[in-house]
Amino acid sequence: QELLTANRELQRKVVEAIRYDMLNSPELVGKLWGAMSELVFYPDLASVDSGNQAAAAGKRTYQVCYPENCGGGLVAIGKILPATHITPKERWTLDKIREELAEGRKVLLFLRHTGQGGYLVKRLTRLIKEELGETAAYLDSSKVSTKTREAWIDREVIGRGCKVLLLNPNTVKTGLNNLVWFSTGIWYELDYNAITYRQANGRLHRIGQTQEVRIFYPYYANTAQEIAVTLLAKKVGASLQVDGLDMESALEAAGATAGDGGNYLSGQIAMNMGRAIYGMLIL
């Protein structure tokens, strides 16, 4: 309840800032769409050892700010919980991993916030070790190049009998055939790109898979996370209907990856999602 209340208060402040800009600051209109799309993940980053900004004494905080190119002004600060507090989604995820492992299944945990020190990765890895006694692996794209990832998974994951792997879906959306080692995927954080989502799930649905594939999407009900899940589901449905014909598919097929335009594409997707979430919140 404490986290839900804090989330609603943070959401209220950002919505009010967007409304104010629309009426009084035309130069700032649209500058918080990206922040709105990121606000979805506040409940997942509301711990002092995750957060989204550095604070004093090695701790973390959560802040919503304008982009640096328009001043970087502070909009709101979210409540931060102690590192020892396990949130409802974390507890659900730990319980689900435990259940899947008990059935002899192995689990992929998809995360969006893996960069900038990997604080969320470190937190979840610690919780999995403390609560489940499992040493989870992490596929770090900054340390494992695209061409060596399949070999790294063979050596560091399959070779070591690792049962839980944390990763960003963008690191495995194409070119890997050995992730059939896993049969359960948990999207702890969603990726807004429907193509990335489909391709990452497709790593489990390949020749060599011997178990029924299960995909889970935990989210906080009655929050922007629920809205985001609904919007992504619609995007995936549309993508399936016009596969290869929508703009995102065409750009992917043309090679618009992170090195040559993908960052711009991802930014546009996030801004569009932020605008859509705002529209549904104020209804």
**Q** Under the rule for salt bridge (Lys or Arg N to Asp or Glu O under 4.0 Å), what residues qualify as partners of Arg126, not counting sequence neighbours?
**A**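 Scan of Arg126 (salt bridge (Lys or Arg N to Asp or Glu O under 4.0 Å), adjacent residues dropped) gives Asp49, Glu130.
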
**Q** Between Glu131 and Arg91, is there a side-chain N and carboxylate O pair less than 4.0 Å apart?
**A** yes

**Q** Tell me if a side-chain donor or acceptor on Asn24 pairs with a main-chain N or O of Tyr20 at a distance below 3.5 Å.
**A**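 The answer is yes, because a donor-acceptor pair under 3.5 Å joins these two groups.
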
**Q** Compare all side-chain heavy atoms of Met36 with those of Arg275 and state whether any distance is below 4.5 angstrom.
**A**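 No, their side chains stay 4.5 Å or more apart.
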
**Q** Ring of Tyr192, cation from Lys235 - is the NZ or CZ under 6.0 Å from the centre and inside 45° of the axis?
**A** no

**Q** Would a 4.5 Å heavy-atom cut-off, applied to side chains only, mark Glu134 and Leu101 as touching?
**A** yes

**Q** For the pair Glu100 and Arg214, find out whether any cationic side-chain nitrogen is under 4.0 Å from an anionic carboxylate oxygen.
**A** yes

**Q** Looking at Leu139, Thr125, Thr114, Leu120, which hits side chain to side chain contact (heavy atoms under 4.5 Å, CB included) with Leu166?
**A** Thr125

**Q** Any sub-3.5 Å donor-acceptor pair from Glu90's side-chain atoms to Thr87's backbone N or O?
**A**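 Looks like yes, one N/O pair under 3.5 Å.
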
**Q** Are the side chains of Ser47 and His85 in touch, meaning some heavy atoms are under 4.5 Å apart?
**A**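 Side chain of Ser47 against side chain of His85, heavy atoms only: no contact under 4.5 Å found.
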
**Q** Is there side-chain contact between Val172 and Phe110, with heavy atoms separated by less than 4.5 Å?
**A** yes

**Q** Is there a side-chain contact between Trp181 and Leu165 in this structure, where contact means two heavy atoms from C-beta onward sitting under 4.5 Å apart?
**A** no

**Q** If you measure only the distance, is there a donor-acceptor pair under 3.5 Å linking the side chains of Ser50 and Arg123?
**A** no

**Q** Between the side chains of Gln225 and Asp44, is a donor N or O closer than 3.5 angstrom to an acceptor N or O?
**A** yes

**Q** Report the relative orientation of the aromatic rings in Tyr197 and Trp187; use parallel for angles under 30°, tilted for 30 to 60°, perpendicular for over 60°.
**A** tilted

**Q** Counting distance only, does the side-chain N/O of Asn7 pair as donor-acceptor with the main-chain N or O of Pro43 below 3.5 Å?
**A**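 No; judged by distance alone, with no hydrogens or angles, the pair does not exist.
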
**Q** Closer than 3.5 angstrom, by distance alone: can the side chain of Gln199 be matched with the main-chain N or O of Asn170 as a donor-acceptor pair?
**A**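 No.
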
**Q** Can a donor-acceptor pair be found, under 3.5 Å and without considering hydrogens, that links the side chain of Gln53 to the backbone of Tyr62?
**A**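 No: the side chain of Gln53 does not pair with the backbone of Tyr62.
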
**Q** Does the structure place the NZ or CZ of Arg60 under 6.0 Å from the centre of the six-membered ring of Tyr119, at an angle of no more than 45° from the ring's axis?
**A**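 Judged by the rule (NZ or CZ under 6.0 Å from the ring centre, within 45° of its axis), Arg60 counts as positioned above Tyr119.
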
**Q** Would you call Lys96 and Glu99 a salt bridge, using N to O less than 4.0 angstrom?
**A** yes

**Q** Would you check if Ile186 and Trp92 make a side-chain contact, meaning some heavy-atom pair closer than 4.5 Å?
**A**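 A side-chain contact exists here, since the closest heavy-atom pair is under 4.5 Å.
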
**Q** For Arg206 and Val180, indicate whether the former's side chain and the latter's backbone hold a donor-acceptor pair under 3.5 Å.
**A**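 Judged by distance alone, no pair lies under 3.5 Å.
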
**Q** Tell me, do Tyr219 and Leu190 make a side-chain contact under 4.5 Å, heavy atoms counted?
**A**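 No, side chains not in contact.
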
**Q** So is Lys89 actually on top of Tyr188's ring, under 6.0 Å and inside 45° of the axis?
**A** yes

**Q** Would you check if the side chain of Asp191 reaches a backbone N or O of Arg112 as a donor-acceptor pair within less than 3.5 Å?
**A** no

**Q** Under 3.5 Å, which donor-acceptor pairs link side chains of residues 64-84 to any protein atom two or more places apart or in another chain?
**A**
unit_1, atom_1, unit_2, atom_2, d
Tyr66, OH, Asp21, OD1, 3.2
Tyr66, OH, Asp21, OD2, 2.6
Lys79, NZ, Glu2, OE2, 3.2

**Q** Between Ser25 and Leu28 (side chain of the first, backbone of the second, donor and acceptor by atom type, cut-off under 3.5 Å), is there such a pair?
**A**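 No; zero donor-acceptor contacts below 3.5 Å.
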
**Q** Among Thr230, Val236, Val229, find the residue that satisfies the side chain to side chain contact (heavy atoms under 4.5 Å, CB included) test when tested with Leu232.
**A**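 Among Thr230, Val236, Val229, the one that satisfies the side chain to side chain contact (heavy atoms under 4.5 Å, CB included) with Leu232 is Val236.
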
**Q** side-chain contact (heavy atoms from CB on, under 4.5 Å), that's the test. Do Asn178 and Asp154 meet it? Break it down for me.
**A** CA-CA 7 Å; Asn178 55 355; Asp154 281 336; 2.9 Å; yes

**Q** Tell me, do Thr93 and Leu109 make a side-chain contact under 4.5 Å, heavy atoms counted?
**A** yes

**Q** Have Thr184 and Lys106 got a donor and an acceptor in their side chains that come within less than 3.5 Å?
**A**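 No pair is found: no donor N or O on one side chain lies under 3.5 Å from an acceptor on the other.
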
**Q** Using 4.0 Å as the upper bound for N to carboxylate O, is an ion pair formed by Arg12 and Glu9?
**A** yes

**Q** For the side chain to side chain contact (heavy atoms under 4.5 Å, CB included) test, which of Asn168, Val144, Val121, Leu124 pairs with Tyr138?
**A**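 Result for side chain to side chain contact (heavy atoms under 4.5 Å, CB included) with Tyr138: Val121.
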
